[in-house]
Amino acid sequence: MLRNGAGMAAGEETVHRDRCAIVGIGATDYSRASGRSDLTLAVQAARAALDDAGLTAADIDGIVRCDMDTVLHNDLVDALGIPNLTYWSQVGPGGVAPPAMVGQAVGAIMSGQASTVLVFRELNGRSGRRYGQAPKQDALIGGGGSYDEFFAPYGLVTPGQIFALMAQRHMHEFGTQPEHLGAIALACRERAQANPNAQMYGRPLTMDDYLAARPISEPLRLFDFCLETDGAAAVIVTSAERARNLRKPPVLIRAVAQASTRDPQPGIQFPVLMREGITSLPAVAVADTLYRRAGLGPEDIDVAQIYDCFTITVLMQLEDWGFCKKGEGGPFVASGEIDLGGRIPINTGGGHLSEGYIHGMNHILEGVRQIRGESTSQVPGAQNCLVTATPLPPGSGMILGAA
Amino acid sequence: MTGYTVRPVADDLDTGGFFAAAQDGQVAVQHCGECGQVLHMPRAYCRHCGAFSPRWRAVAPTGTVFSYTVVTHQVHPAFEVPYTVLLVELDEPAGVRLIGHVPGRPAVHIGQPVRASFPALPDGSLLPNWELLDDDAVAS
């Protein structure tokens, strides 16, 4: 049976371990109406990341974008005044990308195609194109390999409905309760109360609030859904050697991994419901690959930024990443293990559920803050921070560590 | 499916046979014409034997509810809330799933038997759908 990395010589996939670092992070404010173009948001995040690193546009020779960014590499080269870009790349689909985007930067640096790479994600996700909206009325839907023709005619049209079907099944198989999902929403909301840049800063949430909120696609309620956000976030990656002489202490990239699952089904979302099981995510395969590459296991992770498009997505990933057994995610989160002081504090900036939805990229920034000791909900002495982007259909992840 | 206006692309090269079979009142699942493996979601290539010989085969129009969601937040004008989306697992071939739509908020549970129906779309074409049966119903 083939495993990830099975074709590699011993040590080959660990070559990049601790060899590159994130040396700058930058973000805009997160809002519902930025009043700025996608390009302006991207430039502001990139400028902030450069300033954080103590670098200028002339130091950047690589750019990695997400396939759902509207801003192109060339747009930023021109806007920032980058004199000589020698590498550019993009990764998708969407929220799966951010750790893999950093992985592209690592690959470019280690192969000599670039020295210092800007990785960015921008979206006017509330005032502009809103994800999770259904196709237009009267549209002829599907075909062309989308497989939407098997789903949209039945009113199955949004990611939230997919995850609702998964949540219902998880409840059936393992006895997961609404209060378990609520514990995830509350943990993220509490972290946001300490983060002035979080969209839900100043808006605490109780379990009664959570349970009383209107259902959207049962069993999921309003606060099981992430926010719609206007904003941008960027990081700068360079070699560990160059990182030593910059403004901020380097945050090492212990390892990065992308992985697909066996029998993943085609397309980017709805066909995942045809997988043999729908209570696991590709996180299982990404975890296996990433932990092996990093030489670490879940017991070595001090804090985690878990991709949280929905609460159920977090619950399944906590199981799949090995923080608890499959099926035990509900009791695990309800017992406080994801809170500060618990076994694995998560989403310490508030996550997509309460900080903002920058499609996985703000999780990387918060991971960097934890290793620097700069988080507004700092885990004391954090040495290793896991960042996941393993919703569906495939996934990616990374571990950030102290130098 | 009152108010229903979303029409599927029914002539896709890989998936059109599903909708063609529905016009004859059949639920069809794609198989490999050489080795017989199920190819679902439908695609021409069989990775098991390497053939490009897909065949549509009518299957028993029965199954059970594998999961479901009651949609209460209106996201599309064609689908009045509340409505219930069924994730149906066919009785055969094993493991093959399809989607169903039930208006409103019916009594439903995982494992409940379902049977195919073929409601007409506004253009007169038929779409496979699934109706909930009583637990003790003889699914045939």
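The figures that follow rest on heavy atoms only: side chains count, while hydrogens, waters and symmetry mates do not.
- For the pair B/Arg43/A/Tyr147, a side-chain contact is recorded, criterion being any heavy-atom separation below 4.5 Å from C-beta on.
- In this structure, NE2 in B/His73 is found 8.5 Å from OG1 in A/Thr158, a value given to the nearest 0.5 Å.
- Between the side chain of A/Tyr154 and the backbone N or O of B/Val85, no donor-acceptor pair lies under 3.5 Å.
- Under the 3.5 Å distance criterion, the side-chain polar atoms of B/Ser67 are left unmatched by any main-chain donor or acceptor of A/Met166.
- Ring to ring, B/Phe18 and A/Phe150 are close: their centroids are under 6.0 angstrom apart.
- Here A/Arg189 pairs with A/Ser354 under the side chain to side chain donor-acceptor pair (under 3.5 Å) rule; sequence neighbours left out.
- Residue B/Pro82: no heavy atom, backbone or side chain, is found under 4.5 Å from chain A.
- Remark: side-chain polar atoms of B/Arg97 are not paired, donor with acceptor, to backbone N or O of A/Pro271 under 3.5 angstrom.
- Heavy-atom distances place both the backbone and the side chain of B/Tyr68 under 4.5 Å from chain A.
- Note: B/Phe66 CZ to A/Ile278 CD1 = 5.0 Å, rounded to the nearest 0.5 Å.
- Contact of the B/Asp12 side chain with the A/Glu149 side chain is registered, since non-hydrogen atoms from C-beta on lie closer than 4.5 Å.
- The OG1 atom of B/Thr69 sits 13.0 Å away from the CZ atom of A/Phe163 when rounded to the nearest 0.5 Å.
- With contacts defined as side-chain heavy-atom distances shorter than 4.5 Å, the pair A/Asp263/B/Arg47 qualifies.
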Could you go step by step and tell me if B/Leu87 and A/Leu156 meet the side chain to side chain contact (heavy atoms under 4.5 Å, CB included) rule?
CA-CA 10 Å; B/Leu87 178 58; A/Leu156 179 49; over 6 Å; no

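- Contacts of A/Arg275 with chain B are made by backbone atoms alone, with heavy-atom separations under 4.5 Å and no side-chain atom involved.
- The number of heavy atoms from other shown groups lying within 6.0 Å of CZ (A/Arg203) does not exceed 12.
- Contact annotation for B/His40: both backbone and side-chain heavy atoms come within less than 4.5 Å of a heavy atom of chain A.
- Heavy atoms of A/Leu222 lying under 4.5 Å from chain B are absent altogether.
- No other option in A/Gly142, A/Gly155, A/Gly145, A/Gly143 has as many heavy-atom pairs under 4.5 Å with chain B as A/Gly155.
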Please evaluate residues A/Arg214 and B/Thr72 with respect to the criterion side chain to side chain contact (heavy atoms under 4.5 Å, CB included), reporting the C-alpha separation (whole Å), side-chain torsions for both, the decisive distance (0.1 Å), and the verdict.
CA-CA 9 Å; A/Arg214 61 191 168 91; B/Thr72 53; over 6 Å; no

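- The side-chain heavy atoms of B/Arg7 and A/Ile141, taken from C-beta on, include no pair separated by under 4.5 Å.
- Remark: side-chain polar atoms of A/Glu218 are not paired, donor with acceptor, to backbone N or O of B/Val71 under 3.5 angstrom.
- Per-residue heavy-atom pair counts under 4.5 Å with chain B were compared for A/Gln161, A/Arg169, A/His172, and the maximum is reached by A/Arg169.
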